Amino acid sequence: MEHRQRAPKVTGEVPQQARPHRILIVDDSRLQRRVLSKMLGKWGFDVTEAASGAQALEFCAERMPDLIVSDWIMPGMSGIEFCSALREMPHDNYAYFILLTSKSEKIEVAEGLDSGADDFLTKPVDADELRARITAGERILRMQRELSLKNRLVSETLGELQRVYDLLDQDLLEAKKLQQSLLRERQRSFEEGHLSLMLRSSGHVGGDLVGFFPADDGQLGLFAIDVSGHGISSALMTARLAGYLSATAPDQNIALSRQPDGRYHTNPPAKVIEKLNDLVLTEMDTEHYFTLLLAFVHMASGRVTIAQAGHPHPLIQRADGSVEQSGSGGFPVGLIEGVSFSQFDVQLSAGDRLLLLSDGVTECPDISGEMLGEEGLTAMIEQMGGVRQNALLEALMWELSSFAGTEEFPDDVSAILFEYSGPPSQ
């Protein structure tokens, strides 16, 4: 059986347990204090009396009342002086202040409001009017305390969110270290040239990845990946893709084929990207796609075979300082099933260098929003013809920061620089 509670009697008053009930009466007239105390006591309030403003401040320092009813004219400290001193006291709870006065001039009322008083009551005090003013004060105090409670809850929630954020920030810092560890070597010297790599995320972690792997057929594999989006999910995608082009686990590297003699030879880069496209669409449950540039450098001849899947065009700076950009473009990986990719060759001569960059460079905006573009990139590289190896990549970042007007780029930036010195001397 359902038991129903009796509805509370509607009296038009705030329930006693929910209403502010501590009242301080401040008046140098003992008779006036007694009259008010008796009146307020009848209404259920806990009343404290003070004969002066100084004594009232001592009471308030010990225990702040909910409401204060104070005379204006008192010897020593006046009512408005007491109110001003009260408002300077540090305290969590607000006390509603009613000033008793025989004054009615606007200037004097304004003076009382400036001191911090909330309301006025004209003497002699009318019981009904006093009750109405106190009821109004109770409503304001309830709203103020509800607001204080909500503010406290908001502060506590923000504090908890900050703690969670700090934990996430620590995890992201660790994730950044792990992602940077995918780039095991940032420089490598060969008899035929020098390789430099750079990886810079726009946040803690990003979706760019660059790397290389040698093959036993005299070729050097270079790859530049840019996964869509930013953050942890993109970083996890790059980590998985790194396994498919691993330099340390050639058996897992889909760009290499093991020969009967145990040596690893390179597969055609266009076929490698087609296989990656099938793997992403059939085996990876993800909405991410990525651009990719896969290049094989034949170290002895300087011939570079490149397959491009939506990644920015490779840039070649010749020994004379001139810059060339070309490529077939192509679709990003992971968008369309059964798509074919093409490949093309470029020829490096001694003193030439190959630069593979993510679109975080060409699409970097200046303060007006205009992107650097391929022409702007060409102009930058032409100015740095005499800068070599990793210093070139650092100089490029410095120039890009100057162009953007900030060191914080909106997108990840990654780069591979291969400087060809020619075949080894016999």
Side-chain angles (χ1 to χ4, degrees), residues 179-201 206 208-215 218-226 242 245 247-248 293-306 311-326 346-362 364 372 374 376-404 407 409 412-425:
Q179 186 178 41
Q180 291 291 332
S181 71
L182 295 174
L183 192 57
R184 295 179 179 275
E185 293 181 81
R186 295 179 181 267
Q187 295 194 66
R188 171 77 75 88
S189 291
F190 304 90
E191 288 186 82
E192 301 86 354
H194 187 86
L195 182 66
S196 304
L197 301 97
M198 181 198 59
L199 181 61
R200 177 172 172 172
S201 300
D208 278 17
L209 184 66
V210 290
F212 69 96
F213 52 88
Q219 299 199 70
L220 177 66
L222 308 175
F223 64 88
I225 296 172
D226 184 358
L245 298 169
T248 57
L293 196 148
L294 181 61
F296 294 141
V297 183
H298 191 270
M299 303 292 271
S301 67
R303 186 186 74 253
V304 185
T305 303
I306 301 173
H311 211 73
H313 297 319
L315 183 148
I316 299 171
Q317 186 171 34
R318 300 299 180 182
D320 62 4
S322 61
V323 175
E324 303 170 7
Q325 294 189 60
S326 62
V346 296
Q347 183 63 47
L348 297 180
S349 301
D352 294 345
R353 53 189 180 185
L354 174 68
L355 187 60
L356 311 179
L357 297 167
S358 66
D359 61 9
V361 177
T362 53
C364 179
L372 177 66
E374 293 183 353
L377 173 60
T378 296
M380 277 188 184
I381 298 300
E382 286 177 342
Q383 294 175 1
M384 296 183 284
V387 186
R388 299 294 173 188
Q389 300 182 10
N390 194 55
L392 173 66
L393 301 182
E394 292 177 358
L396 179 61
M397 289 300 96
W398 189 89
E399 290 289 343
L400 197 63
S401 298
S402 297
F403 171 80
E407 294 183 357
F409 304 130
D412 307 325
V413 174
S414 57
I416 299 177
L417 173 66
F418 179 69
E419 297 168 299
Y420 187 58
S421 55
S425 57

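A quick note: this is a predicted structure, and the numbers were derived from the prediction, not measured.
- You'll find the side chain of L396 reaches within 4.5 Å of the side chain of M384, heavy atoms only.
- No more than 12 heavy-atom neighbours from other residues, nucleotides or ligands sit within 6.0 angstrom of CD on E407.
- At least one side-chain heavy atom of F223 sits under 4.5 Å from a side-chain heavy atom of L209.
- Between V413 and M198, the closest heavy-atom pair is CG1-CE, 3.7 Å.
- Using a 4.5 Å heavy-atom cutoff, the side chains of L392 and S196 are not in contact.
- Taking 4.5 Å as the limit, every side-chain heavy atom of L377 sits out of range of all side-chain heavy atoms of E374.
- The shortest non-hydrogen separation linking A415 to L393 is CB-CD2, 3.9 Å.
- Atom OG of S402 and atom CE of M380 lie 7.5 Å apart (nearest 0.5 Å).
- Between P424 and E192 the shortest side-chain heavy-atom distance falls below 4.5 Å.
- In this structure, E419 and V387 approach most closely via the heavy-atom pair OE2-O, 4.5 Å.
- The structure places CD of E399 at 9.5 Å from CD1 of I381, a figure rounded to the nearest 0.5 Å.
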Exercise for the section: Would you check, one step at a time, whether the test side-chain hydrogen bond (donor to acceptor under 3.5 Å, both in side chains) holds for S358 with D226? Expected result: CA-CA 7 Å; S358 66; D226 184 358; 5.2 Å; no
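- To the nearest 0.5 Å, atoms CD (E324) and CZ (R318) are separated by 4.0 Å.
- Between N390 and L197, the shortest heavy-atom distance links the atoms OD1-O, 4.1 Å.
- With rounding to the nearest 0.5 angstrom, the CG atom of L354 is 8.5 Å from the CD1 atom of I416.
- A distance of 9.5 Å separates CD of Q347 from CD1 of I316, quoted to the nearest 0.5 Å.
- Scanning all heavy atoms of the two residues, the minimum distance from V361 to L372 falls at O-CD2, 3.6 Å.
- The shortest non-hydrogen separation linking Y420 to M299 is OH-O, 2.9 Å.
- Inter-residue side-chain proximity for F418 and V304 is flagged as unmet; no heavy-atom pair is nearer than 4.5 Å.
- Rounding to the nearest 0.5 angstrom, the gap separating the CG atom in L357 from the CD atom in Q325 is 8.5 Å.
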